[in-house]
Protein chains: 2
Amino acid sequence: MSLRHALLAAIHETAATGYELNQRFEERLSHVWSASHQQIYRELARLETQGLLVVEIQPQAGKPDRKRYAITAAGIKALQGWLGAVQARPAVRDPLLLKCFAGDLTPTPALLKELAVHEQTWRREQAIYRQIEARYFSVPPSLSRHYRMQYLALRRGLLDIESWLVWAGEVRAMLEQGDA
Amino acid sequence: MSLRHALLAAIHETAATGYELNQRFEERLSHVWSASHQQIYRELARLETQGLLVVEIQPQAGKPDRKRYAITAAGIKALQGWLGAVQARPAVRDPLLLKCFAGDLTPTPALLKELAVHEQTWRREQAIYRQIEARYFSVPPSLSRHYRMQYLALRRGLLDIESWLVWAGEVRAMLEQGDA
DNA sequence: CCTTACATGTAACAAGTTACATGATTAG
DNA sequence: CTAATCATGTAACTTGTTACATGTAAGG
């Protein structure tokens with residue numbers, strides 16, 4: 001129910017085209033909300049027919065016309081309504097944990113290999129987030145509330161990765177103990 | 001793509017009815033995989049027509065006939081194939097983080113209230129997981145590999161909750177600082 | 001009397017994924 | 001010549017949610 005609100009929030013920051021929104025989701029929102037470009041375009045069209053967004057069409061030669069979306073008063077109201085209501089926590093659906101649950105059917109080397117693959121990604125992301133965090137601290141403290149709030153989302157990304165890395169360590173310790 | 005594999009894994013442990021599987025998902029798998037009973041019944045029917053499960057129908061008076069599903073050789077093979085392949089990490093889609101991203105539009109008291117609500121749930125779950133963990137340690141170490149693997153999934157649940165509680169603390173610290 | 005447990009579903013819908021389509025420009 | 005960037009989509013499919021349906025028996 002909340003891709004629409006993710007889009008409204010992103011467009012409330014800055015009016016944007018579907019293409020730009022897709023980039024923002026990939027580059028700055030991957031630890032908050034994911035969406036494919038197909039989903040984004042579909043939802044933007046809906047939000048526009050519902051009057052929560054307005055389009056300004058910018059004709060282009062060679063490429064499809066650019067459609068820049070901006071939020072309307074109704075859009076802001078809808079977003080605020082959602083922000084004010086308590087939302088349910090997302091359900092857990094994790095293939096990696098399912099492999100642990102499957103226990104005796106999951107071969108140790110396969111699990112270890114998978115762990116190594118994911119660990120690489122985690123460390124890469126951790127490095128990126130830490131860089132952004134460093135930039136945050138180079139700015140005078142309590143600059144804008146908006147900025148501080150977004151920093152909290154980043155912190156969550158970091159804490160999440162850290163806890164996965166701790167877990168990976170525990171898994172390795174236990175599996176090696178079991179082999180010995 | 002993996003509710004089917006969650007079901008295959010659960011049924012591989014013990015043959016079960018849809019009703020029982022729904023209970024197991026709620027009681028023992030909520031930190032691994034979630035599914036509603038509708039989804040479970042739908043998927044069980046599919047898995048049966050595909051020959052990955054077999055049904056044994058136990059007639060009952062008054063209630064609908066009980067259908068007990070067991071895994072077939074083909075089912076085990078399909079499950080092992082999936083377990084052996086590296087799976088992508090699930091995408092993040094978190095309403096709470098979206099509220100942080102929305103920053104200046106999210107009222108501080110609303111966020112604090114939501115945090116308090118979720119924190120209660122986290123602490124409750126934490127207590128439950130810790131009890132199960134204590135039971136784990138009361139058993140002679142390295143009993144069965146299966147059991148140890150499932151313990152790892154539990155550990156992940158605990159680490160996840162702990163990192164959320166840490167984050168909740170950071171959020172509170174920052175928002176109170178901002179108000180002062 | 002009312003709720004919970006038992007035991008299965010159907011139907012409609014919303015959300016997310018995967019594959020395909022178009023066509024120009026720029027960088028290697 | 002090849003791949004990536006720009007910029008938009010459609011179509012088909014799978015997965016997950018929500019609402020509704022049926023009917024018994026036990027416990028407070």
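We name chains A, B, ... by the order of the sequence lines, and we start the count at 1 in each one. Everything numeric here is computed off the predicted structure, so don't read it as measured data. Below, all heavy atoms of this structure are taken into account, side chains as well, without hydrogens, waters or symmetry copies.
One interatomic measurement links the two molecules: CD of A:E43 to C1' of C:dG16, which rounds to 11 Å at whole-angstrom precision. In this entry the distance linking CD of A:Q23 with C1' of D:dT8 reads 14 Å, nearest Å. Atom-to-atom, NE2 of B:H5 to P of D:dT14 comes out at 14 Å; the value is rounded to the nearest Å. Between the P atom of C:dG16 and the CZ atom of A:R4 lies a distance of 12 Å, rounded to the nearest Å. Distance B:L44 CG to D:dG16 P: 14 Å, rounded to the nearest Å. As rounded to whole Å, 18 Å separates atom P of D:dG16 from atom CZ of A:R89. As a whole-Å value, the separation of A:N22 CG from D:dG9 P is 13 Å. C:dA5 atom C1' lies 12 Å from atom CD of B:Q60, rounded to whole Å.
Residues from residues 26-41 of chain B that place a heavy atom under 4.0 Å from any atom of DNA chain D, listed by number: B:S36, B:Q38, B:Q39.
With D:dG9, C:dT8, D:dT8 as the choices, the nucleotide that has an atom nearest any side-chain atom of A:R66 turns out to be D:dT8. Here the side chain of A:T17 is nearest to one of D:dG16, C:dG9, D:dT8, namely D:dT8.
Ring geometry for A:H118 versus A:W122: interplanar angle of 30 to 60°, hence tilted. Taking the six-membered ring for Trp and thresholds of 30 and 60 degrees, A:Y151 and A:F137 have ring planes more than 60 degrees apart, a perpendicular arrangement. Note: B:H5 and B:W82 have parallel aromatic rings, judged against thresholds of 30 and 60 degrees for the angle between ring planes.
Residue A:Q58 is classed as having no contact, given no heavy-atom separation below 4.0 Å to the nucleic acid. Within 4.0 Å of A:R46, counting heavy atoms only, lie sugar-phosphate atoms of the nucleic acid but no base atom. A:R93 comes within 4.0 angstrom of sugar-phosphate atoms only, judged by non-hydrogen atoms across all strands, and of no base.
Distances shorter than 4.0 Å separate none of the side-chain N or O atoms of B:R68 from OP1 or OP2 on C:dA7. Between B:Y19 and the phosphate of C:dT8, there is no side-chain N or O to OP1/OP2 separation shorter than 4.0 Å. Proximity of A:R42 to the phosphate of C:dA14: no side-chain N or O atom is located under 4.0 Å from OP1 or OP2.
Residue A:V117 is not grouped with residue A:V171 when hydrophobic side chains (ILVMFWY) are merged at heavy-atom distances under 4.5 angstrom, including chains of intermediate members. A:L152 and A:I128 fall within the same hydrophobic cluster, defined by Ile, Leu, Val, Met, Phe, Trp and Tyr side-chain heavy atoms under 4.5 Å apart, directly or through other members.
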Take A:Y129 and A:H31, measure what ring-ring contact (aromatic ring centres under 6.0 Å, His included) needs, and give me the verdict at the end.
CA-CA 10 Å; A:Y129 292 168; A:H31 60 297; 5.2 Å; yes

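A salt bridge does not link A:R130 to A:E133: none of the charged side-chain nitrogens sits closer than 4.0 Å to a carboxylate oxygen.
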